[in-house]
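Notes for the one structure printed next.
By convention in this document, chain letters (A, B, ...) are assigned in the order of the sequence lines, proteins followed by strands, and residues within each chain are numbered from 1.
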Amino acid sequence: GAVVSQHPSRVICKSGTSVKIECRSLDFQATTMFWYRQFPKKSLMLMATSNEGSKATYEQGVEKDKFLINHASLTLSTLTVTSAHPEDSSFYICSARPLAGAYNEQFFGPGTRLTVL
Amino acid sequence: DQQVKQNSPSLSVQEGRISILNCDYTNSMFDYFLWYKKYPAEGPTFLISISSIKDKNEDGRFTVFLNKSAKHLSLHIVPSQPGDSAVYFCAASPRANFGNEKLTFGTGTRLTIIP
């Protein structure tokens, strides 16, 4: 149980295009999903907290118009990188907090490798 | 401002011996600590956690120790196995506040178990 999937696992796009990444909790409902970014050999940095049915809460320094988050259902959150540039190339990971889980229990997806040319 | 630090970027341990991974934190608001294991191109997998009301938590081969006064925690793996080779992240969460379960991650330690 507690499986989180991400799609796509890898994407290569041209500079200026937009890319959508999906995060799904497959066997549980999640009111809260988190989006992280990891640079090579660096820590996971929280980008935003996504709550079902409400606006996402972005961390300081993360552009909300650049990284659009939609949490339309209890099992799906999407991250759209708008007008992507090479500096947006990174490994993006989502996590989901089960509806009935402990307050800081999170299950992570496998991640999405974004490469912007 | 790195609030959770893992000062050893890498560690090599002989199979069967004990692996000790260390983590330090600076934020006194943290009261719940977790260790995650991560393979390349995969998301982190939860290993073990500890609340600030405890100083030790054990789960099979994994034991986490917490020293609140020193703001230090460590993960012990014994005996170490080749499958333990991965990057280990410690993470911290603030005092229980529903909706504020943000995890702050350390920079990770790459553990290599030598057969």
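Note: B:Pro44 leads B:Pro9, B:Pro44, B:Ala91 in heavy-atom pairs under 4.5 Å with chain A. The residue among B:Val87, B:Thr107, B:Thr45 with the most heavy atom pairs within less than 4.5 Å of chain A is B:Thr107.
Between the CD atom of A:Gln38 and the CZ atom of B:Phe105 there is a distance of 9.5 Å, given to the nearest 0.5 Å. Atoms NZ and CZ, on B:Lys102 and A:Phe34 in that order, are 9.5 Å from each other to the nearest 0.5 Å. We find the OH-OG distance between B:Tyr36 and A:Ser95 to be 7.0 Å, quoted to the nearest 0.5 Å.
Within the 4.5 angstrom heavy-atom criterion, no atom of A:Gln6 approaches chain B.
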Problem - Test log, rule side-chain contact (heavy atoms from CB on, under 4.5 Å), inputs A:Ile93 and B:Lys38 - result: CA-CA 12 Å; A:Ile93 304 175; B:Lys38 185 181 181 299; 4.0 Å; yes
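Under a hydrophobic-cluster definition in which Ile, Leu, Val, Met, Phe, Trp and Tyr are linked whenever side-chain heavy atoms come within less than 4.5 Å, directly or via other members, A:Met33 and A:Tyr92 are assigned to different clusters. Cluster membership for B:Leu73 and B:Phe65, using ILVMFWY side-chain heavy atoms within less than 4.5 angstrom, is not shared. A:Leu68 and A:Leu46 fall into different hydrophobic clusters, where Ile, Leu, Val, Met, Phe, Trp and Tyr side chains are chained together by heavy-atom contacts under 4.5 Å. Under the 4.5 Å side-chain heavy-atom criterion for ILVMFWY residues, a single connected hydrophobic cluster contains both A:Ile69 and A:Val19.
What you find for B:Leu103 and A:Tyr36 is that their closest heavy atoms are CB-OH, 3.7 Å.
Shown here is A:His7, whose NE2 atom has no more than 12 heavy atoms of other residues, nucleotides or ligands within 6.0 Å. Within a 6.0 Å radius of NZ in A:Lys64, no more than 12 heavy atoms belonging to other residues, nucleotides or ligands are found.
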